[in-house]
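Given the structure is predicted, the values throughout are model-derived calculations rather than measurements.
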Amino acid sequence: MSPVEYAKHGTVAVLTVNNPPVNAMSPGVPKGVVRGVERANGDAGVAAVVLIGAGRGFIAGADIRYFSRPWPEGEETFKDIIAAFEASPKPVVAAIHGHALGGGLETAMACHYRVIAPAARVGQPEVKLGFPPGAGGTQRLPRLAGVAAALDMIVSGAPVKAREAADLGIVDATIEGDLLEGAVAFAAARGAEAGPHRRVRDIEIALDDRGVFDAKRKEIARRSRGMRAPYACIECVEAAVDLDFDAGVERERAIFEDCVESGESKALRHVFFAERAARKIPGVGKEVEPRAIAKAGVLGAGTMGGGIAMNFANAGIPVTVVERNREAIDRGMATIERNYAATVAKGRMSREAMDARMALIAPSTDYGDLADADMIIEAVFEEMAVKKEVFAALDRVAKPDAILTSNTSYLDIDEIADTIPNRRGHVLGTHFFSPANVMRLLEVVRTRTVSDVDLVTTMEVGRGMRKLPIVAGVCHGFIGNRMLEGYFGEAALMVEEGATPARIDTVMVDYGMAMGPLAVADLAGLDVGWRKRKDAAGGRNPPAERGSHVSTRLCEMGRFGQKTGRGYYIYEEGSRRPTPDPEVDRLAAEAAADLGLEPRAFGDDEIVERCMYPLVNIGADILAEGHALRASDIDLVYINGYGYPAWRGGPMHWAGAVGLDKVHDAVRRYRDALGFGHWRPSPLLKRLAEEGGTFEDFDRENAG
Ligand code: 3HC
Ligand code: NAI
């Protein structure tokens with residue numbers, strides 16, 4: 001059966017694309033459209049054609065799976081659809097509801113006319129997949145919307161709403177009532193007019209100021225560091241201005257094909273499917289439906305609790321925040337208010353919206369006020385004894401079936417759950433990332449005992465907060481923080497070996513990280529690790545070990561990082577910009593002398609390998625143990641919680657692109673040279689390296 005249905009409504013032929021779930025242009029769809037246009041043109045009783053989508057939207061673009069597999073031999077493509085529309089003497093009208101994205105919008109722009117439902121959105125999101133539009137979008141959109149607006153849409157990938165599409169001239173009419181009925185009436189009227197009907201390709205491009213291109217390059221320079229696709233988009237739109245239409249299309253196609261083959265595009269396509277896979281929990285079917293969460297509670301209004309309370313309010317869920325005393329809760333509420341006010345000041349939220357959200361957050365110092373909460377998140381101090389006390393208190397007041405979660409960074413949540421045996425099925429972890437109201441990642445930590453319903457409900461609550469929830473198992477540091485150990489550890493070791501903090505950070509920022517590891521260490525506070533080492537040494541100054549010489553000395557000098565204005569770097573009053581400090585280089589040289597290390601030069605490759613390979617190696621262990629459901633989940637954790645560049649696809653995908661055999665060889669080499677625990681080769685890494693596989697292969701095997 002063809003995924004494109006043909007029907008006649010009076011003098012109008014209606015082609016309905018029916019390819020669930022999103023009407024992607026899978027094999028068979030182009031053929032169906034082309035055949036439909038041919039049939040309409042061969043029928044004297046037809047005066048015009050409407051192209052519409054069944055289900056949720058118009059057309060979501062190319063079928064992204066086919067960028068990594070061959071398109072069936074001889075099967076029609078976008079090119080054939082576009083040729084059929086442009087050659088059609090009878091006008092073709094695209095009727096858009098839901099979404100017209102990528103090749104979907106390109107198909108619509110190859111029609112003679114476009115009508116739209118008020119709630120629909122149109123856009124060219126291809127850049128997010130690492131390539132520019134490839135079916136004429138960069139040539140037609142500037143002709144309809146003007147060069148500057150088209151450039152904004154194509155380079156950002158962000159869709160625009162129906163209203164804006166109409167204002168920009170992308171669509172010809174907005175249909176308020178029934179879309180099909182309105183589109184048929186619109187098409188019948190156009191069909192009754194004398195042709196020829198205007199084709200978008202024939203519109204003259206007007207551009208007064210060629211400066212828009214360089215201005216755009218400048219505007220995106222920071223956020224597009226290391227990427228090709230955004231620049232390729234600009235190049236394509238430039239071609240629309242400089243070349244005639246057919247030459248422009250050809251140029252776009254060449255750039256598009258080149259980009260599709262790039263590592264950047266493979267990585268971004270991996271991320272696209274990773275995000276969809278992350279919603280699925282093996283063994284937990286669709287029949288497990290989330291419970292309704294009508295009221296929530298948060299314990300602790302510190303750094304994390306305040307942000308978590310904002311997340312509930314942002315999701316429209318009333319939340320009670322409980323602190324130890326009046327002073328603490330007042331301070332917490334003031335911080336929340338200040339955060340919202342900053343968003344209002346930036347013009348990103350209205351004052352009314354802020355007031356509405358503040359009204360959803362109720363301050364309290366009484367646990368009893370949590371009695372009607374369906375879900376309570378604990379974000380108090382990171383101490384097992386305190387956490388256990390808090391859960392015991394919750395056991396006394398919470399509803400019998402309330403979901404109780406801990407925001408702990410490292411503690412064993414199974415152990416916490418065991419202290420309230422009657423509620424074990426309702427206890428799990430929700431590990432937010434700082435700032436909790438901003439960062440997209442949420443690790444949902446699955447305890448041994450949590451019920452499927454509560455797990456699914458917590459994932460759903462996370463999505464309602466516009467987070468990306470990733471299931472993690474209970475282990476020290478869960479997925480993200482556990483993997484970091486080697487990353488920070490190696491950065492500190494290299495400082496002792498003679499690489500300056502600025503050198504290491506520059507290499508890692510050039511690699512694509514949002515910040516270098518030593519700048520991050522300064523931000524997080526060097527004192528945290530120092531105190532831990534001190535505790536382990538019974539409160540005395542901790543003995544210097546490899547990797548902690550410099551940071552221990554810095555802490556002894558009161559240099560805790562950004563909060564004291566000095567750490568691995570110097571920070572001017574009120575500035576977060578790190579300035580290198582020769583004093584730190586001197587401390588490093590002293591440490592090297594104590595350790596008997598000869599200072600030496602570092603290649604960029606060594607810095608990247610020593611920071612990144614431990615992440616991958618530990619990630620492989622986490623995967624093999626089942627503490628992550630899939631390697632692609634680990635990738636999403638790093639991209640959304642740790643400033644890892646999406647265009648590299650996440651550490652596990654990147655390792656596959658490097659070659660796991662190469663990574664495994666290097667891990668063994670570093671183990672022999674350095675010997676630290678994070679260099680013990682993961683058996684899974686070893687197996688995949690020997691098989692010539694990747695972590696994606698592992699994910700596929702596991703998905704059955
Ligand atoms: N190709 C193949 N599969 C697609 C797809 C596409 N273009 N778009 C969505 N899907 C799949 C998803 O993988 C998911 O599959 P699953 O159920 O097996 O996990 C399913 O469709 C549903 O997708 P979502 O969960 O994302 O559904 P939503 O309702 O949340 O969102 C959407 C719908 C806004 C259309 C969103 O799916 C989306 O943004 N899709 C991608 C749009 C896009 O990037 N288009 C450009 C493609 S490239 C192109 O057109 C090249 C051209 O220039 C030549
Ligand atoms: P914080 O010290 O800023 O806030 C903790 C708050 O809990 C304080 O305001 C304190 O008054 C309150 N509190 C303590 N005992 C309480 C009790 N019995 N009842 C009610 N309130 C109580 O700490 P932060 O940084 O917010 O951390 C909270 C939790 O989140 C910890 O488990 C931490 O490991 C975790 N976490 C922290 C991250 C961070 O970057 N700060 C990131 C992710 C998790």
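- Rounding to the nearest 0.5 Å gives a distance of 11.0 Å between CD of Glu352 and CE of Met354.
- Atom CG in Leu523 sits 9.5 Å away from atom NZ in Lys563 (nearest 0.5 Å).
- Aromatic pair Trp654/Tyr638: centroids not less than 6.0 angstrom apart.
- Considering only heavy atoms from C-beta on, Leu442 stays 4.5 Å or farther from Leu468 through its side chain.
- Of the inter-residue distances, the one linking Leu101 atom CG with Phe58 atom CZ reads 10.5 Å to the nearest 0.5 angstrom.
- Of the possible donor and acceptor atoms, one in the side chain of Glu323 sits under 3.5 Å from a partner among the backbone N and O of Ala301.
- Glu382 and Thr408 share a donor-acceptor pair across their side chains, judged by distance under 3.5 Å alone.
- Look at Arg448 and Asp418 and you find a salt bridge, because one of the NZ, NE, NH1 or NH2 atoms lies within 4.0 Å of a carboxylate O, short of that distance.
- Across all their heavy atoms, Glu176 and Pro118 have their closest contact at OE1-CG, 3.6 Å.
- Contact of the Asp414 side chain with the Val427 side chain is not registered, since no non-hydrogen atoms from C-beta on lie closer than 4.5 Å.
- Comment: Glu696 does not engage Arg700 in a salt bridge, judged by the lack of any side-chain N to carboxylate O separation of less than 4.0 angstrom.
- Under a 4.0 Å N-O distance rule, the pair Glu460/Arg463 qualifies as a salt bridge.
- Figure legend: cation-pi geometry between Arg396 and Tyr367 absent, as NZ or CZ is not positioned both under 6.0 Å from the six-membered ring centre and within 45° of its axis.
- With 3.5 Å as the limit, one finds no donor-acceptor pair spanning the side chains of Arg630 and Asn702.
- Counting heavy atoms from C-beta outward, Thr458 and Leu428 have side chains that approach closer than 4.5 Å.
- Remark: side-chain polar atoms of Ser364 are not paired, donor with acceptor, to backbone N or O of Asp369 under 3.5 angstrom.
- Residues Gly130 and Glu264 approach most closely at CA-OE2, 4.2 Å, considering heavy atoms.
- For the residue pair Ser682 / Asp621, a side-chain donor-acceptor distance below 3.5 Å is found, with atom types taken as modelled.
- With a 4.5 Å cut-off on side-chain heavy atoms, Thr694 and Leu688 do not count as touching.
- With a 4.5 Å cut-off on side-chain heavy atoms, Met375 and Ile293 count as touching.
- Side-chain contact of Arg269 with Ser265: a donor-acceptor pair under 3.5 Å is present, judged by distance alone.
- With 3.5 Å as the limit, one finds no donor-acceptor pair spanning the side chains of Asp635 and His653.
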Run Thr320 and Leu370 through side chain to side chain contact (heavy atoms under 4.5 Å, CB included) and show every step you take.
CA-CA 7 Å; Thr320 301; Leu370 298 172; 4.1 Å; yes

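- Across all their heavy atoms, Gln124 and Leu105 have their closest contact at OE1-CD2, 3.6 Å.
- A donor-acceptor pair under 3.5 Å is absent between the side-chain atoms of Asn23 and the main chain of Ala60, judged by distance alone.
- Under the 4.5 Å side-chain criterion, counting only non-hydrogen atoms from C-beta, Val319 is not in contact with Lys295.
- Distance alone, capped at 3.5 Å, places no donor-acceptor pair between the Asn617 side chain and the Leu685 backbone.
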Show your reasoning for whether side-chain hydrogen bond (donor to acceptor under 3.5 Å, both in side chains) applies to Arg357 and Asn314.
CA-CA 7 Å; Arg357 289 184 199 189; Asn314 296 345; 3.2 Å; yes

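- Under the 3.5 Å distance criterion, the side-chain polar atoms of Lys467 are matched with a main-chain donor or acceptor of Ala436.
- Within a 6.0 Å radius of CZ in Arg69, more than 12 heavy atoms belonging to other residues, nucleotides or ligands are found.
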For a salt bridge (charged side-chain N to carboxylate O under 4.0 Å, His left out) check, start with the C-alpha distance between Arg331 and Glu327, then their side-chain angles and the critical distance, and finish with the verdict.
CA-CA 6 Å; Arg331 198 172 44 236; Glu327 194 196 337; 3.6 Å; yes

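- The shortest heavy-atom contact between Met652 and Ala620 is CE-N, 3.6 Å.
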Stepwise salt bridge (charged side-chain N to carboxylate O under 4.0 Å, His left out) check, Arg291 with Asp454
CA-CA 7 Å; Arg291 292 161 48 186; Asp454 285 10; 2.7 Å; yes

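- Under a cutoff of 6.0 Å and an axis angle of 45°, Lys532 and Tyr410 form a cation-pi pair.
- Side-chain contact check for Phe695 versus Ser632: every heavy-atom pair is 4.5 Å or farther apart.
- Atom CZ of Arg446 is separated from atom CE of Met459 by 9.5 Å, given to the nearest 0.5 angstrom.
- Not a single donor-acceptor pair under 3.5 Å links the side chain of Lys399 to the backbone N or O of Asp374.
- No donor-acceptor distance shorter than 3.5 angstrom exists from the side chain of His99 to the backbone of Ile59, with no hydrogens or angles considered.
- Side-chain N/O atoms of Tyr340 and Asn437 include no donor and acceptor closer than 3.5 Å.
- Taking CD1 of Ile308 as the reference point, atom OG1 of Thr303 lies at 10.5 Å (rounded to 0.5 Å).
- Separating the CG atom in Leu394 from the CD atom in Glu389 is a distance of 11.5 Å, to the nearest 0.5 Å.
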If you look only at distance, which donor and acceptor atoms sit under 3.5 Å apart when one is on a side chain in residues 481-489 and the other is two or more places apart or in another chain?
{"from": "Asn481", "atom 1": "OD1", "to": "Tyr642", "atom 2": "OH", "distance (Å)": "2.8"}
{"from": "Arg482", "atom 1": "NH1", "to": "Glu625", "atom 2": "OE1", "distance (Å)": "2.9"}
{"from": "Arg482", "atom 1": "NH2", "to": "Glu625", "atom 2": "OE1", "distance (Å)": "3.2"}
{"from": "Arg482", "atom 1": "NH2", "to": "Glu625", "atom 2": "OE2", "distance (Å)": "2.9"}

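- No side-chain donor-acceptor contact under 3.5 Å links Glu378 to the backbone of Val298.
- The two residues Ala296 and Ala373 make their nearest non-hydrogen contact at C-CB, 3.9 Å.
- Panel note: side chain Thr365, backbone Arg326; no donor-acceptor pair is recorded below 3.5 Å.
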May I have the step-by-step check of salt bridge (charged side-chain N to carboxylate O under 4.0 Å, His left out) for Glu701 and Arg687, ending in yes or no?
CA-CA 14 Å; Glu701 273 168 36; Arg687 168 165 82 79; 3.7 Å; yes

Let me see the working for Ile470 and Val444 under side chain to side chain contact (heavy atoms under 4.5 Å, CB included), right down to the final yes or no.
CA-CA 6 Å; Ile470 300 290; Val444 173; over 6 Å; no

Test side chain to side chain contact (heavy atoms under 4.5 Å, CB included) applied to Phe391 and Ser406, step by step
CA-CA 9 Å; Phe391 275 82; Ser406 172; 4.0 Å; yes

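- For the pair Gly619 and Ile634, the tightest heavy-atom approach, listed with the atom from each and the gap, is O-CD1, 3.5 Å.
- Ile377 places a side-chain heavy atom less than 4.5 Å from the side chain of Phe432.
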Acceptor/donor pairs from residues 274-282 side chains to any protein atom, 3.5 angstrom cut, sequence neighbours excluded:
{"from": "Glu275", "atom 1": "OE1", "to": "Arg440", "atom 2": "NH2", "distance (Å)": "3.1"}
{"from": "Glu275", "atom 1": "OE2", "to": "Arg440", "atom 2": "NH1", "distance (Å)": "3.1"}
{"from": "Arg276", "atom 1": "NH1", "to": "Phe272", "atom 2": "O", "distance (Å)": "3.1"}

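- With hydrogens and angles disregarded, no donor-acceptor distance shorter than 3.5 Å links the side chain of Arg121 to the backbone of Ala158.
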